[in-house]
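Take a look at the structure below.
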2 protein chains.
Amino acid sequence: MTDDAAAITLLIVDDHPVVRDGLRGMFESAPGFRVLGEASNGVEAVALAAALDPDVILMDLRMPGGGGVDAIRELTRTGARAKVLVLTTYDTDSDTLPAIEAGATGYLLKDAPRDELFAAVRAAAEGRTVLSPAVASRLVSAVRTPRAPGNDPLSAREREVLALVAKGTSNREIARELFISEATVKTHLTHLYAKLGVKDRAAAVATAYERKILG
Amino acid sequence: MTDDAAAITLLIVDDHPVVRDGLRGMFESAPGFRVLGEASNGVEAVALAAALDPDVILMDLRMPGGGGVDAIRELTRTGARAKVLVLTTYDTDSDTLPAIEAGATGYLLKDAPRDELFAAVRAAAEGRTVLSPAVASRLVSAVRTPRAPGNDPLSAREREVLALVAKGTSNREIARELFISEATVKTHLTHLYAKLGVKDRAAAVATAYERKILG
DNA sequence: GCGGGCATCAGCCGATCGGCTGATGCCCGT
DNA sequence: ACGGGCATCAGCCGATCGGCTGATGCCCGC
């Protein structure tokens with residue numbers, strides 16, 4: 001079954017051997033697919049993609065030594081023929097949008113059923129976009145809000161709250177510090193999370209440092 | 001009562017007018033004290049301290065436009081005669097140790113009873129150190145642990161966890177990402193909090209950026 | 001004068017976090 | 001061989017957080 005002439009050829013990229021084995025086994029035991037190789041990080045992936053010229057690359061994000069997003073960007077830049085199907089563990093992954101912007105054809109969660117995975121790979125091979133429901137809904141909301149989810153300036157009050165958060169101040173303490181209620185602090189936080197495109201205070205602080213809002 | 005020749009002269013520094021009024025009223029209605037002036041930030045405080053030459057400066061930390069710690073450092077550097085008594089709202093304040101290092105003579109919480117406050121000011125005027133119990137216990141634990149609570153290098157694993165925290169990853173997600181249990185993630189976090197001298201993930205991320213561990 | 005951004009507040013809820021206590025195994029340096 | 005740093009894990013608990021829904025008042029620009 002590995003020499004099916006019409007088979008869709010695959011490259012598997014994941015830093016976890018267990019996952020690679022699982023995927024390989026799954027696709028090798030199904031008709032219509034052929035696994036050409038495996039890579040354990042983004043750099044390897046780019047090299048192998050050039051050497052093996054697969055139809056579809058199943059790619060994890062967040063790998064030591066060459067992140068997935070960078071690899072996708074590189075593949076896109078060099079005009080690789082392969083379609084990239086991102087296969088990640090959590091939809092909460094903050095790299096969702098960057099990955100798609102970088103040129104990923106699809107974005108699935110690892111807990112997707114086998115059949116859904118097969119269908120997704122076939123769809124990706126044809127260039128059709130496949131998104132898991134959670135990611136899809138996130139995308140529409142991102143589009144619905146035309147603001148660049150990154151360059152939205154924070155209000156003075158929001159920066160003030162953020163600065164205190166960076167010092168390890170709790171919401172209640174921030175409230176007393178600024179003479180407002182805890183509810184208001186939470187509102188400010190919710191707003192600045194949205195503006196920064198993050199989901200908790202730790203990531204907000206990190207993003208703020210990256211963008212020179214703090215520091 | 002404001003022209004008592006033996007009165008202890010005071011400078012009140014706090015960004016909240018309410019607090020300044022409260023302190024002024026408290027000390028003006030008590031014998032043995034004379035309030036020379038008020039400042040609402042650190043810069044003002046340094047200037048007024050030079051002009052008025054008070055015995056004791058009651059200083060809040062965390063003020064807009066010139067933080068309290070910087071002001072204390074400046075006063076110490078210029079060899080001001082005044083003793084600085086830090087008067088802050090929470091003992092959770094992360095500036096506790098820096099303030100004392102900078103040269104503060106005492107450190108009290110604002111909810112201290114009047115008499116305790118008076119006694120503290122008298123003690124400060126004589127150069128004796130006064131610490132609120134919470135701060136005192138923190139100090140001993142800081143001394144008990146001879147490591148500089150700031151320069152303790154993180155282990156590779158701790159840095160790994162911290163980097164994920166900065167991306168907004170939850171403990172559970174980090175656990176799966178690194179193939180360890182959530183309990184272990186929490187252990188790493190507790191350790192790196194101690195090493196960085198912070199109390200939550202947001203402050204850890206901020207400190208890591210400040211020290212170029214991240215970014 | 002109306003929409004919209006901003007700041008303020010309320011209450012509920014489940015999820016997550018952080019503290020505490022305690023334990024095991026590994027490796028390294030003395 | 002012993003101590004110590006590191007990594008791993010458990011369970012309990014209260015505190016905190018973040019999401020959700022909804023509301024008010026202010027000010028500004030069109």
Side-chain angles (χ1 to χ4, degrees), chain A residues 90-92 94 134 137-138 141 144-148 151-207, chain B residues 90-92 94 134 137-138 141 144-148 151-207:
Chain A
Y90 295 101
D91 64 316
T92 57
S94 59
S137 68
R138 170 176 313 194
S141 75
R144 185 189 54 75
T145 312
R147 65 164 176 258
N151 316 351
D152 212 334
L154 302 188
S155 74
R157 203 53 156 172
E158 284 160 356
R159 286 195 303 275
E160 210 167 349
V161 170
L162 182 54
L164 288 170
V165 164
K167 303 198 77 172
T169 319
S170 75
N171 290 347
R172 187 160 310 164
E173 287 170 340
I174 292 171
R176 309 221 187 173
E177 198 79 32
L178 299 182
F179 279 113
I180 57 182
S181 84
E182 201 179 334
T184 304
V185 174
K186 290 176 68 174
T187 302
H188 288 316
L189 283 175
T190 302
H191 287 164
L192 70 85
Y193 291 163
K195 287 183 178 180
L196 295 177
V198 300
K199 46 186 267 306
D200 68 29
R201 45 181 61 211
V205 168
T207 304
Chain B
Y90 295 101
D91 65 316
T92 58
S94 60
S137 68
R138 170 175 313 191
S141 76
R144 186 189 51 78
T145 311
R147 67 162 171 262
N151 316 352
D152 212 334
L154 302 188
S155 75
R157 203 51 157 173
E158 284 160 357
R159 285 195 304 276
E160 208 167 350
V161 170
L162 182 55
L164 288 171
V165 163
K167 303 197 75 172
T169 318
S170 75
N171 290 348
R172 188 161 307 162
E173 288 170 340
I174 293 170
R176 309 220 185 173
E177 198 80 31
L178 300 182
F179 279 113
I180 57 182
S181 85
E182 201 178 333
T184 305
V185 173
K186 290 175 68 173
T187 302
H188 288 316
L189 283 175
T190 301
H191 288 164
L192 70 86
Y193 290 163
K195 286 183 178 179
L196 295 177
V198 299
K199 46 186 268 307
D200 67 31
R201 45 181 60 211
V205 169
T207 304

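Residue numbers begin at 1 in each chain, while the letters A, B, ... track the order of the sequences.
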Pairing partner of dC12(C) (Watson-Crick or G-U wobble, both distances under 3.5 Å):
dG19(D)

So which nucleotide does dG5(C) pair with, by the Watson-Crick or G-U wobble rule with both distances under 3.5 Å?
dC26(D)

Does E182(B) or D200(B) map to a spot on DNA chain D nearer the 5' end, using the closest nucleotide for each?
E182(B)

Give the minimum heavy-atom separation between K167(A) and A203(B), together with the two atoms involved.
C-CB, 3.9 Å

Is K186(A) reaching over with its side chain to a backbone N or O of N171(A), donor-acceptor style, under 3.5 angstrom?
no

What is the nucleic acid contact for S155(A), judged by heavy atoms within less than 4.0 Å: base, sugar-phosphate only, or nothing?
sugar-phosphate

Please figure out whether F179(B) or T187(A) has its closest DNA chain D nucleotide nearer the 5' end.
F179(B)

Quick one: pull up OG in S170(A) and CZ in R201(A) and give me the separation to the nearest 0.5 Å.
7.5 Å

H188(B) side, atom NE2; I174(B) side, atom CD1 - distance, nearest 0.5 Å:
10.0 Å

Taking all atoms of both residues into account, what is the closest heavy-atom pair of T169(B) and L164(B), and its distance?
OG1-O, 2.7 Å

Name the residue closer to the 5' end of DNA chain C, choosing between K186(A) and H191(A) according to the nucleotide with the nearest heavy atom.
H191(A)

What is the distance from atom CD of E160(A) to atom CZ of R157(A), rounded to the nearest 0.5 Å?
4.5 Å

With heavy atoms of chain B within less than 4.0 Å as the criterion, where does contact along DNA chain D begin and end?
dC6(D) to dC12(D)

